[in-house]
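The structure appears below as structure tokens.
What's counted below: heavy atoms across the whole structure, side chains too, no hydrogens, waters or symmetry copies. No experiment lies behind these values; they were computed from the predicted model shown. Note that ligands are numbered from 1 as they come in the structure, with each ligand's atoms numbered from 1 the same way.
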Amino acid sequence: MQLTSKLPNIGTTIFTVMSKMAVDHNAINLGQGFPDFNPDPKLLALMNQAMQDGHNQYPYMPGIDSLRQVVSDKIEALYGHRYDKDTEITVTSGATEAIMAAVLSVVNQGDEVIIIEPSYDSYVPAVELAGGVPVSVEMEPPTNVQDTFRVDWQKVKKAVTAKTRLLMLNFPHNPTGAVLSQQDLDEIESIVDNSNILILSDEVYEHIVFEDQGHLSLASRPMLADRSFVISSFGKTTHTTGWKIGYCCAPPKLTQELRKVHQFLVFTVPSPMQHALATYTTDSQTYLKLPSFYREKRDQLTKGLAKTRFRPYKCPGTFFLLADYSAISDAPEAEFSMWLTKEHGVTVIPVSAFYKNPDSQMANHKLVRFCFAKTKETLDEAITRLSAV
Ligand code: PMP
Ligand code: GLN
């Protein structure tokens with residue numbers, strides 16, 4: 001049987017590969033981004049209650065009313081933009097489905113899509129499945145004077161052509177932890193001004209920002225909100241990555257197209273989770289306390305790594321920390337990550353996996369990504385093992 005792959009260059013995701021390796025080698029898994037602790041018992045009780053109350057059949061296609069309402073209220077309170085729950089908010093099967101649905105709904109054959117590298121692994125395949133052409137723009141790696149990765153917006157401007165349909169952004173950024181400043185938002189405005197370019201803004205780590213300014217959503221700028229799919233996920237916010245509940249906010253015209261795809265990708269997403277999250281999220285403390293909760297873990301891992309031969313980078317947002325291993329090895333990142341799992345029992349993610357050509361020199365900065373969404377005990381044990389490297 002002859003088969004032409006739609007994604008000839010894509011294998012199993014690095015997160016799955018490394019998580020399996022962690023299990024096989026009995027390693028501490030600081031690779032794939034998920035908490036190793038349970039969500040709030042209150043949320044679990046709400047979930048059980050929702051099932052007992054009979055919320056076990058197909059919910060309304062775009063998501064239940066009360067959940068879209070709570071998302072609308074939250075965004076207005078935090079970012080000052082009111083999305084209409086009926087025409088502008090869709091509950092999705094995690095951010096992953098929202099990203100795929102958004103891309104499939106607006107990217108046509110031959111359209112160019114600008115992707116900032118390193119980039120989350122689902123972006124390029126989504127664009128390719130839509131028949132679009134991914135155009136990569138690399139971030140500037142940290143230097144002596146600048147302690148995080150950052151985007152050179154002039155490079156983005158140069159990548160724009162008459163065929164550019166979509167600009168895909170992700171801040172707080174996985175894997176580098178970079179966050180947006182007001183100047184970045186100004187730059188983005190100047191890039192899309194007077195153009196037909198749409199934006200997909202993946203903001204799944206919106207509630208995990210350690211800078212005083214907090215998260216700067218694209219929804220906070222009317223001109224950007226007007227042409228953006230703003231996507232988030234309850235998985236990161238409520239420690240429920242396995243529930244796969246996310247959402248997408250976009251102006252009515254974009255939402256209409258997104259829902260056409262959404263209804264045939266999944267139709268709708270699990271009912272009891274939506275009910276539980278709607279009630280739980282009415283308490284703003286459930287997301288406002290996240291920065292202090294994660295700051296402690298970030299600082300524990302940063303201080304621990306500083307005593308090893310790894311050199312930790314600054315982490316302004318997300319639950320990921322990058323660390324340089326050049327004092328330990330010259331191996332490329334993927335090889336180093338596998339060695340670390342096998343020989344020292346700690347699993348990480350090679351940052352090179354977030355590039356279209358992971359084996360290229362430009363994708364290999366001798367950096368690995370650690371996830372610190374773990375208990376104090378897990379992080380302590382990982383640091384002990386890493387101290388022996
Ligand atoms: N975008 C980014 C940047 C992510 O890190 C993740 C993963 N966790 C997702 C999207 C997917 O989110 P979800 O698990 O809600 O599908
Ligand atoms: N977003 C998570 C990460 O970056 C993984 C999600 C997945 O495995 N698809 O680790």
> With Asp283, which residues qualify under side-chain contact (heavy atoms from CB on, under 4.5 Å), at least two apart?
Replying inline: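 With neighbours one apart ignored, the set is Gln285, Thr286.
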> Of the backbone atoms (N, CA, C, O) and the side-chain heavy atoms from C-beta on, which set of Met18 has a member under 4.0 Å from an atom of ligand 2: side chain, backbone, both, or neither?
Replying inline: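 For Met18, there is no contact with ligand 2 at all, from either part.
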> In the protein, which heavy atom is nearest to atom 2 (C) of ligand 2, and how far is it?
Replying inline: Gly33 N, 3.9 Å
> In the protein, what heavy atom is nearest to atom 6 (C) of ligand 2, and what distance, to one decimal place, separates them?
Replying inline: Tyr120 OH, 3.3 Å
> Do any pairs count as a salt bridge (Lys or Arg N to Asp or Glu O under 4.0 Å) and have a residue in residues 257-278, sequence neighbours left out, and if so which ones?
Replying inline: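 Residue pairs with at least one partner in residues 257-278: Glu257-Lys260.
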What are the atom names and distances for all N or O pairs under 3.5 Å between ligand 1 and the protein?
{"residue": "ligand 1", "atom": "1 (N)", "partner": "Asp202", "partner atom": "OD1", "Å": "3.4"}
{"residue": "ligand 1", "atom": "1 (N)", "partner": "Asp202", "partner atom": "OD2", "Å": "2.5"}
{"residue": "ligand 1", "atom": "5 (O)", "partner": "Asn174", "partner atom": "ND2", "Å": "2.8"}
{"residue": "ligand 1", "atom": "5 (O)", "partner": "Tyr205", "partner atom": "OH", "Å": "2.6"}
{"residue": "ligand 1", "atom": "8 (N)", "partner": "Lys236", "partner atom": "NZ", "Å": "2.0"}
{"residue": "ligand 1", "atom": "14 (O)", "partner": "Lys244", "partner atom": "NZ", "Å": "3.2"}
{"residue": "ligand 1", "atom": "15 (O)", "partner": "Ala95", "partner atom": "N", "Å": "2.8"}
{"residue": "ligand 1", "atom": "15 (O)", "partner": "Ser233", "partner atom": "OG", "Å": "2.6"}
{"residue": "ligand 1", "atom": "16 (O)", "partner": "Ala95", "partner atom": "N", "Å": "3.1"}
{"residue": "ligand 1", "atom": "16 (O)", "partner": "Thr96", "partner atom": "N", "Å": "2.9"}
{"residue": "ligand 1", "atom": "16 (O)", "partner": "Thr96", "partner atom": "OG1", "Å": "2.5"}
{"residue": "ligand 1", "atom": "16 (O)", "partner": "Lys244", "partner atom": "NZ", "Å": "2.6"}

>> Any nitrogen or oxygen of Asn174 lying under 3.5 Å from a nitrogen or oxygen in ligand 2? Just yes or no.
In response: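 For ligand 2, there is an N or O atom that lies under 3.5 Å from one belonging to Asn174.
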> Sequence neighbours excluded, which residues qualify as salt bridge (Lys or Arg N to Asp or Glu O under 4.0 Å) partners of Glu138?
Replying inline: none
Ring centroids only, cut at 6.0 angstrom: are [X] and [Y] within range, meaning strictly under it?
X	Y	result
Tyr247	Phe234	yes
His215	Tyr79	yes
Phe149	His365	yes

> Do we get Lys374 above Phe372's six-membered ring, with its NZ or CZ under 6.0 Å from the centre and within 45° of the axis?
Replying inline: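 No; the conditions do not both hold, so Lys374 does not lie above the ring face of Phe372.
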>> For a quick test of reading the model, state the closest non-hydrogen atom pair linking Ala22 to Thr347 and the distance between them.
In response: CB-OG1, 3.3 Å
> Which atoms of ligand 2 are found less than 4.0 Å from any heavy atom of Gln32?
Replying inline: 5 (C), 7 (C), 8 (O), 10 (O)
>> Measuring from atom 3 (C) of ligand 2, which candidate in Phe34, Phe15, Tyr205 has the nearest non-hydrogen atom?
In response: Phe15
>> Parallel, tilted or perpendicular, judged at 30° and 60°: which one describes the rings of Phe293 and Phe37?
In response: perpendicular
